[in-house]
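Working notes, structure below.
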Protein chains: 2
Amino acid sequence: MTKQTIQCPIERTLKQISGKWKSVIIFRLLEHPRCRFNELQKLIPECSRRMLALQLKELEHDGLISKTVYPVVPPKTEYSLTERGKKLKPVIEGLQEWGRIN
Amino acid sequence: MTKQTIQCPIERTLKQISGKWKSVIIFRLLEHPRCRFNELQKLIPECSRRMLALQLKELEHDGLISKTVYPVVPPKTEYSLTERGKKLKPVIEGLQEWGRIN
DNA sequence: CAGAATCCACCAGGATACTG
DNA sequence: CAGTATCCTGGTGGATTCTG
């Protein structure tokens with residue numbers, strides 16, 4: 001988990017979404033709800049498997065996404081945004097929009 | 001400057017505002033336009049002078065803030081948001097708001 | 001006052017290999 | 001398939017000192 005400093009709300013938000021791949025993961029999950037691990041991998045090929053796992057774990061810990069594990073062989077998991085995570089939509093779109101026109 | 005990866009607009013935005021202190025600096029400059037170096041220091045006491053200087057330099061390089069240097073002794077500088085930087089206001093407020101209620 | 005320079009510790013993250 | 005485990009390196013950021 002990232003370092004401990006004084007926390008104003010902006011910082012808390014950024015801590016939760018600005019991990020190296022978090023914003024992209026959230027963005028992908030907004031357009032592709034219910035993604036499997038490997039699907040996310042393909043959607044974000046520059047992100048290593050290790051990093052993807054780490055970031056997903058943090059996002060889950062922060063309650064932004066939830067993981068469903070199907071007890072089948074071979075393993076199958078699905079990731080989706082929680083309600084809390086979905087509330088980020090306008091914010092993420094704001095970031096997207098500003099980045100697009102600037 | 002931060003590392004080079006594939007750039008979707010969100011990432012570009014986050015790169016520019018999510019340096020360790022950048023969002024806070026921007027936030028402070030939204031409420032306190034035209035701040036001197038030491039004033040910012042006092043507004044963000046947990047940020048070291050070194051870091052403040054580095055972050056300000058990057059923000060300036062990215063065209064989010066501008067620096068005015070008055071040719072006086074002792075030195076006097078003032079930092080303020082550029083137009084481009086000011087456009088971040090709704091985004092920053094979105095981050096702030098989400099962090100506040102979540 | 002407003003920084004720049006230097007030194008150093010730590011850890012984020014890549015590459016690779018292994019597993020239930 | 002969906003992850004761990006381990007090893008290793010470059011970069012981030014703190015502390016301190018110097019300067020125009």
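In what follows, chains are A, B, ... by sequence order, proteins preceding strands, each numbered from 1. This one's a predicted model, so the numbers in the text were calculated from it and none came from an experiment.
- Across the protein-nucleic acid pair, A/Q41 atom CD and D/dG3 atom C1' stand 10 Å apart, rounded to whole Å.
- A residue-by-residue look at B/K76 and A/C47 shows that B/K76 has its nearest nucleotide of DNA chain C further toward the 5' end.
- Distance alone, capped at 3.5 Å, is enough to place a donor-acceptor pair between the A/R12 side chain and the B/G99 backbone.
- Remark: P of D/dA15 and CE of B/M51 are 11 Å apart, rounded to the nearest angstrom.
- Counting any heavy atom pair closer than 4.0 Å across all strands shown, B/Y70 reaches no nucleic acid atom.
- Each of C/dG14, D/dG3, D/dG20 was ranked by its minimum atom distance to the side chain of B/P75; first place goes to D/dG20.
- Atom-to-atom, CG of B/L54 to P of C/dA2 comes out at 17 Å; the value is rounded to the nearest Å.
- One finds the CG atom of B/L64 at 10.5 Å from the CD atom of B/E60 (value rounded to the nearest 0.5 Å).
- Rounded to an integer number of Å, the gap from CZ of A/R50 to C1' of D/dG3 is 12 Å.
- Under 4.0 angstrom from either OP1 or OP2 of D/dA2 there lies no side-chain N or O belonging to A/K67.
- Straight-line distance from the CG atom of B/L52 to the P atom of D/dG14: 11 Å, rounded to whole Å.
- Atom CD of A/Q55 is separated from atom P of D/dA2 by 18 Å (rounded to the nearest Å).
- Side chain of B/N38, nearest nucleotide from D/dG14, C/dC1, D/dG3: C/dC1.
- In this model, the phosphate group of D/dG3 is approached by a side-chain N or O of A/T77 to a distance below 4.0 Å at OP1 or OP2.
- Of the possible donor and acceptor atoms, one in the side chain of B/E11 sits under 3.5 Å from a partner among the backbone N and O of B/C8.
- Atom NZ of A/K76 has more than 12 heavy atoms from other residues, nucleotides or ligands within 6.0 Å.
- At a threshold of 4.0 angstrom between heavy atoms, the contacts of B/R36 are confined to the sugar-phosphate backbone, with no base atom among them.
- Taking atom CZ of B/F37 as the reference point, atom P of C/dG3 lies 5 Å away to the nearest angstrom.
- Using a 4.0 Å heavy-atom cutoff across all strands shown, A/R49 reaches at least one base atom of the nucleic acid.
- The CD atom of B/E46 sits 15 Å away from the C1' atom of D/dG13 (whole-angstrom rounding).
- Of all heavy-atom pairs spanning A/D62 and A/K22, the tightest one is OD2-NZ, 4.3 Å.
- Between D/dT4 and A/K57, a contact under 4.0 Å exists linking OP1 or OP2 to a side-chain N or O.
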